[in-house]
Amino acid sequence: MDKFKPLIDSHGRKITYLRVSITDRCNLRCVYCMPEKGVNPLNHNEIISYEDILRFVNVLANHGVNKVRITGGEPLVRKGLVDFTRSLGKIAGITDISMTTNGTLLEQYAAGLYSAGLKRINISLDSLKEDRFLQISRMGNLKDVLRGIKLAQKTGFNPVKINTVLIKGINDDEIIDFVHFAREFEINLRFIEYMPIGGNVTETITSKEIEDKIRREFDGFEPILENGHQAVSQAVSKEFGFKDNKAVIGFISPLSEHFCAGCNRLRLTASGKLRLCLFYDSEYDIKKILSGEHEDEAVFNWVSNLIRLKQDKHNFSEKAKKPGSLLWANDFMNGIGG
Ligand code: SAM
Ligand code: SF4
């Protein structure tokens with residue numbers, strides 16, 4: 001048998017995690033993610049097929065990738081998702097499948113996804129006020145998401161995590177309300193620093209600012225320690241807990257405290273492009289490679305050569321210094337998957 005070859009980039013980081021955006025479409029239009037009128041959706045034949053995704057994951061799984069996150073756009077709007085999830089779970093070596101969703105369609109899909117093998121789910125929630133939820137999502141209904149969260153917990157998803165993006169002047173007055181919400185549901189809520197991409201330029205509230213605000217309000221809000229060090233979930237979320245409650249508050253700080261040194265991930269976009277970093281625009285056409293008559297080993301070699309180009313850290317702050325440079329022409333978050 002051939003010697004096992006892991007995927008290691010030129011900075012010594014082992015790639016074990018693939019994030020797959022299965023669709024660029026969405027039933028919401030969150031202000032920080034998509035333009036108001038939506039994007040020109042990819043045609044059916046431009047979207048990477050489930051078959052190609054499964055083959056690609058299989059190739060990577062033979063070389064050490066064990067974790068896949070399904071994202072979008074809104075993953076629940078793509079037909080065939082439950083069967084796709086089940087097929088992912090059958091790939092040898094894939095031990096961890098998770099999904100990020102806006103939660104609005106969970107009533108329809110939670111049970112099916114759970115029985116197909118999905119056990120971990122992240123649900124995005126940016127306001128606890130109905131009118132504001134609508135203002136941010138432009139077309140969503142808060143009640144659907146809250147129902148989705150309760151149902152996800154009841155169905156048995158574990159953990160159910162909440163992703164919250166705070167935007168200055170829009171929902172940053174809800175920090176303490178979100179913490180009360182996390183405590184009420186004893187849930188893991190993560191504040192993700194707002195990334196001004198896709199033309200939405202506004203100042204980011206840093207994780208530190210949010211953390212300080214929570215500490216001023218709650219006694220016993222402390223870093224969760226593992227082996228004497230602060231717990232860091234999935235290499236990105238710094239976790240805090242309370243003495244009197246099981247809720248966990250995480251901070252994901254791609255801008256103020258980037259986690260590039262521990263980056264173990266690649267991204268596959270809805271159009272079938274491999275992206276080495278969320279913040280670098282370069283994309284490589286996997287769909288084209290898969291459509292050629294290449295053996296799996298050739299596909300692996302292609303990826304293996306490509307990941308040597310993975311930068312040691314992202315260049316977001318440099319980009320931010322150049323006026324106008326944040327307007328990444330076609331790169332709204334929905335196609336890349338966050
Ligand atoms: N539709 C799903 C959802 O909203 O959860 C999955 C796709 S969405 C692109 C994935 C994650 O990216 C969400 O948690 C969303 O809040 C986050 N996101 C999108 N645009 C962002 C931005 N500009 N800054 C920070 N996070 C962003
Ligand atoms: Fe859709 Fe998710 Fe983007 Fe909101 S963040 S527009 S729900 S893809």
Side-chain angles (χ1 to χ4, degrees), residues 19-39 41-42 68-78 81 98-106 109 113 118 120-127 133-142 144-145 148-149 152 157 160-168 170-172 178 188-207 210 234 236-237 250-256 258-259 265 267-270 275 278-279 314 316 319-320 326-328 331-338:
R19 294 176 68 99
V20 184
S21 171
I22 61 166
T23 178
D24 59 333
R25 293 176 191 233
C26 187
N27 55 343
L28 305 184
R29 297 279 180 276
C30 301
V31 290
Y32 52 73
C33 177
M34 271 210 199
E36 187 161 10
K37 292 189 178 132
V39 285
L42 294 167
V68 176
R69 175 169 295 274
I70 304 167
T71 172
E74 175 46 42
L76 298 187
V77 304
R78 181 158 175 186
L81 174 63
S98 54
M99 182 179 289
T100 306
T101 169
N102 63 33
T104 53
L105 301 172
L106 274 175
Y109 292 109
L113 286 169
L118 184 77
R120 306 200 308 108
I121 200 160
N122 289 17
I123 301 175
S124 303
L125 176 66
D126 300 322
S127 179
F133 183 88
L134 178 60
Q135 179 194 356
I136 296 173
S137 66
R138 294 197 182 107
M139 52 211 298
N141 186 339
L142 174 63
D144 294 338
V145 184
I149 293 170
F157 287 97
V160 176
K161 294 186 182 177
I162 307 299
N163 287 356
T164 300
V165 176
L166 293 177
I167 312 168
K168 240 174 209 170
I170 297 190
N171 60 349
D172 56 335
F178 273 116
N188 182 324
L189 185 143
R190 297 114 49 89
F191 289 106
I192 305 176
E193 277 177 354
Y194 163 71
M195 296 174 266
I197 85 166
N200 300 297
V201 184
T202 194
E203 216 181 315
T204 298
I205 307 166
T206 65
S207 296
I210 305 168
Q234 312 292 328
V236 298
S237 171
F251 295 97
I252 303 185
S253 321
L255 298 191
S256 68
H258 66 72
F259 32 77
R265 60 194 60 192
R267 290 178 163 79
L268 185 59
T269 70
R275 225 176 148 112
L278 179 59
F279 295 98
H314 70 64
F316 199 81
K319 276 191 170 199
L326 296 178
L327 310 177
W328 300 359
D331 287 336
F332 290 97
M333 203 68 104
N334 63 307
I336 312 169

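Atoms within a ligand are numbered from 1 in the order they appear, just like the ligands themselves. This chain uses plain numbering: 1 for the first residue, then up along the sequence.
- Contacts with ligand 1 closer than 4.0 Å are made by no heavy atom of Ile123, backbone or side chain.
- At least one heavy atom of Gly73 sits closer than 4.0 Å to an atom of ligand 2.
- Between Thr101 and ligand 1, an N or O atom pair is found at a separation short of 3.5 Å.
- Here the rule is side chain to side chain donor-acceptor pair (under 3.5 Å) with Thr100, and of Glu74, Arg69, Lys161, Arg19 only Arg69 fits it.
- Closest heavy-atom approach to atom 6 (C) of ligand 1 within the set Ser137, Ser124, Gly73, Pro254: this belongs to Gly73.
- Of the N and O atoms on the side chains of Asn102 and Asp144, not one donor lies less than 3.5 Å from an acceptor on the other residue.
- Between the side chains of Thr206 and Ser256, no donor-acceptor pair of N or O atoms lies under 3.5 Å.
- Backbone and side-chain nitrogen or oxygen atoms of Met195 are examined, and one is located within less than 3.5 angstrom of a nitrogen or oxygen of ligand 1.
- Contacts with ligand 1 closer than 4.0 Å are made by heavy atoms of both the backbone and the side chain of Thr100.
- At least one N, O or S atom of Cys26 sits under 2.8 Å from atom 1 (Fe) of ligand 2.
- The distance from ligand 2 to the heavy atoms of Asn102 drops below 4.0 Å at these ligand atoms: 7 (S).
- Residue-to-ligand polar distances place Glu74 within reach of ligand 1: an N/O pair is separated by less than 3.5 Å.
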